[in-house]
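Remember, it's a predicted structure, so these values are computed and weren't measured experimentally. Just so it is clear: chains get the letters A, B, ... in the order the sequence lines come, proteins before strands, and each one is counted from 1.
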2 protein chains.
Amino acid sequence: MAKFKLDEIDHQILDMLIENTRVPFTDIAKNLSISAGTIHVRVKKMEDAGIIKGSSLTLDYKKLGYSFIAYVGIFLQNTSQTKFVLERINEIPFVTVAHITTGKFNIFCKIRAKNTEHAKDIIFMLDDIEGVYRTETMISLEESLNDKKRLMHSIFNDM
Amino acid sequence: MAKFKLDEIDHQILDMLIENTRVPFTDIAKNLSISAGTIHVRVKKMEDAGIIKGSSLTLDYKKLGYSFIAYVGIFLQNTSQTKFVLERINEIPFVTVAHITTGKFNIFCKIRAKNTEHAKDIIFMLDDIEGVYRTETMISLEESLNDKKRLMHSIFNDM
DNA sequence: GGTGAAACTTCTAATAA
DNA sequence: TTATTAGAAGTTTCACC
């Protein structure tokens, strides 16, 4: 996958959009002292290049009653079942992300649940998938998300 | 944390905004056959309630040259150092999320790097934090993200 | 590459129902 | 709570640097 070249202006545009995707292009334009038309063209270019894949809301799942997070490591009976099991896992909506991994586990996923009771149901669903040998759960007591903007700065300064 | 009540209309508004935060309110209004003003009021209400915490871009990190993902489990010498170590971890921009966990590890984090060489540097940084006893790395060979919209449907239908 | 202005679209807040 | 409305604001295109 080729590395796409972003210049300082692209980077500053991304910086503002990362914080708030609905910030008006006119505001970005004022901030960077360039025209709104240019912002539009550059954002479009980054979208066309696939750098910007989309945008999404950040929701407060705790307020929605989903405050339980856990990671579940999955051991398979046989690695040939990886694809099949992964597909089954992805059918469970409360699994937010799944990885095929090297190391201890064959598959590794993150779940978001209402509470321990609900998490238990989800883990049992994972255990019940054909080909799953056993699972190992790590409950998150506290999540701390890192700043996306800071990651982008690091990426950018490395280019 | 109280569970916030969303009705069917709120839910459908979120559905559209989750897919694309810049979708015009007039489009949402047309889709739901209600006025754009109402969309505006409802979105504002969800923002005020903190349900919508913000919005962010989905970027293609692979295209930016960052295709390496790994999870790192951290064992501490002493759990009293948890807060201190977590703070040091959060200073590393390539750590995208960190959790205090029960189970095998004391702290568990996800890193995003350019390649194995770069990942090695990050893991060494983690190892070098005062209070870290040892780390265990799981490399992601393939990541599959679950659909946010589907999670919201499950949450919504459960209300 | 970028600008600036025109034409078009969307937002937002006040008012009314 | 929702709809309407109208002025303000934002987006997008395009001729021209």
Side-chain angles (χ1 to χ4, degrees), chain A residues 2-60 63-65 148-149 152-153 155-159, chain B residues 2-60 63-65 149 152-153 155-157 159:
Chain A
K3 208 162 129 177
F4 187 87
K5 275 284 172 199
L6 301 178
D7 67 12
E8 175 68 27
I9 294 170
D10 292 325
H11 177 235
Q12 293 192 81
I13 293 170
L14 286 181
D15 252 16
M16 293 192 71
L17 288 174
I18 280 170
E19 301 273 297
N20 172 16
T21 58
R22 286 189 85 99
V23 66
F25 289 180
T26 45
D27 281 11
I28 302 177
K30 256 176 256 163
N31 244 292
L32 307 185
S33 306
I34 51 179
S35 76
T38 302
I39 306 294
H40 177 245
V41 170
R42 278 175 177 263
V43 169
K44 190 149 190 0
K45 209 168 278 178
M46 288 190 279
E47 281 171 352
D48 291 346
I51 293 288
I52 298 175
K53 285 200 285 189
S55 59
S56 193
L57 293 182
T58 311
L59 299 171
D60 190 326
K63 291 213 170 118
L64 291 167
K148 216 169 185 174
K149 196 165 163 181
M152 279 308 289
H153 276 273
I155 291 178
F156 181 69
N157 290 323
D158 178 58
M159 285 170 146
Chain B
K3 210 162 130 177
F4 186 89
K5 275 286 171 198
L6 301 178
D7 68 11
E8 176 68 28
I9 294 171
D10 292 326
H11 178 235
Q12 293 191 81
I13 293 170
L14 286 180
D15 252 16
M16 292 191 73
L17 287 174
I18 279 170
E19 300 272 298
N20 172 17
T21 58
R22 287 189 84 98
V23 66
F25 288 1
T26 46
D27 282 11
I28 302 176
K30 255 176 258 163
N31 245 292
L32 307 185
S33 307
I34 51 178
S35 77
T38 302
I39 307 295
H40 176 242
V41 169
R42 280 173 175 264
V43 169
K44 191 149 186 2
K45 209 169 279 180
M46 289 190 278
E47 281 170 351
D48 291 346
I51 294 286
I52 298 176
K53 286 200 286 190
S55 59
S56 193
L57 294 181
T58 311
L59 299 171
D60 190 327
K63 292 215 170 117
L64 291 167
K149 197 164 161 180
M152 279 307 291
H153 276 273
I155 290 178
F156 181 70
N157 290 323
M159 286 169 144

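Residue-to-nucleotide proximity on DNA chain C shows that, of A/T38 and B/K30, the 5′-proximal contact is made by A/T38. Nucleotides of DNA chain C nearest to A/I34 and B/V23 differ in position, and the one nearer the 5' end is that of A/I34. For the pair A/G37 and A/D27, nearest-nucleotide mapping onto DNA chain D gives the more 5' position to A/D27.
B/I28 places its CD1 atom 12 Å from the P atom of C/dT12, with the value rounded to the nearest Å. Rounded to a whole Å, the CD1 atom of A/I39 is 19 Å from the P atom of D/dA9. Counting to the nearest Å, the P atom of C/dT10 and the NE2 atom of A/H40 are 13 Å from each other. Taking atom CD of residue A/E47 and atom C1' of nucleotide D/dT12, one finds them 13 Å apart after rounding to whole Å. Atom-to-atom, NZ of A/K44 to C1' of D/dG10 comes out at 18 Å; the value is rounded to the nearest Å. To the nearest angstrom, P of C/dA5 lies 21 Å from CZ of A/F25. Spacing between atom CG of A/N31 and atom C1' of D/dG10 amounts to 16 Å, rounded to whole angstrom units. Atom-to-atom, CG of B/L32 to P of D/dA3 comes out at 11 Å; the value is rounded to the nearest Å.
Counting heavy atoms from C-beta on, the side chains of A/I51 and A/D10 never come closer than 4.5 Å.
Put simply, the side chain of A/N157 gets close to the backbone of A/H153: a donor and an acceptor are under 3.5 Å apart.
Listed nucleotides C/dC11, C/dT3, D/dG10 differ in distance to B/P24; the shortest reach to its side chain belongs to C/dC11. Residue B/K45 has its side chain nearest to D/dT1 when only D/dT1, C/dC11, C/dG1 are considered. Of the candidates C/dT3, D/dT2, C/dG1, the closest approach to any side-chain atom of A/R42 belongs to C/dG1.
By the 30° and 60° cut-offs, the orientation of the rings of A/F25 relative to A/H40 is tilted.
Close to D/dG10, at under 4.0 Å from its OP1 or OP2, lies no side-chain N or O of B/R22.
In the model, A/S55 has a side-chain atom that pairs as donor or acceptor with a side-chain atom of B/T21 under 3.5 Å.
A/T26 comes within contact range of at least one nucleobase, with a heavy-atom separation under 4.0 Å.
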Are A/D15 and A/K148 close enough, and set up right, to give a salt bridge (charged side-chain N to carboxylate O under 4.0 Å, His left out), and what steps lead you there?
CA-CA 9 Å; A/D15 252 16; A/K148 216 169 185 174; over 6 Å; no

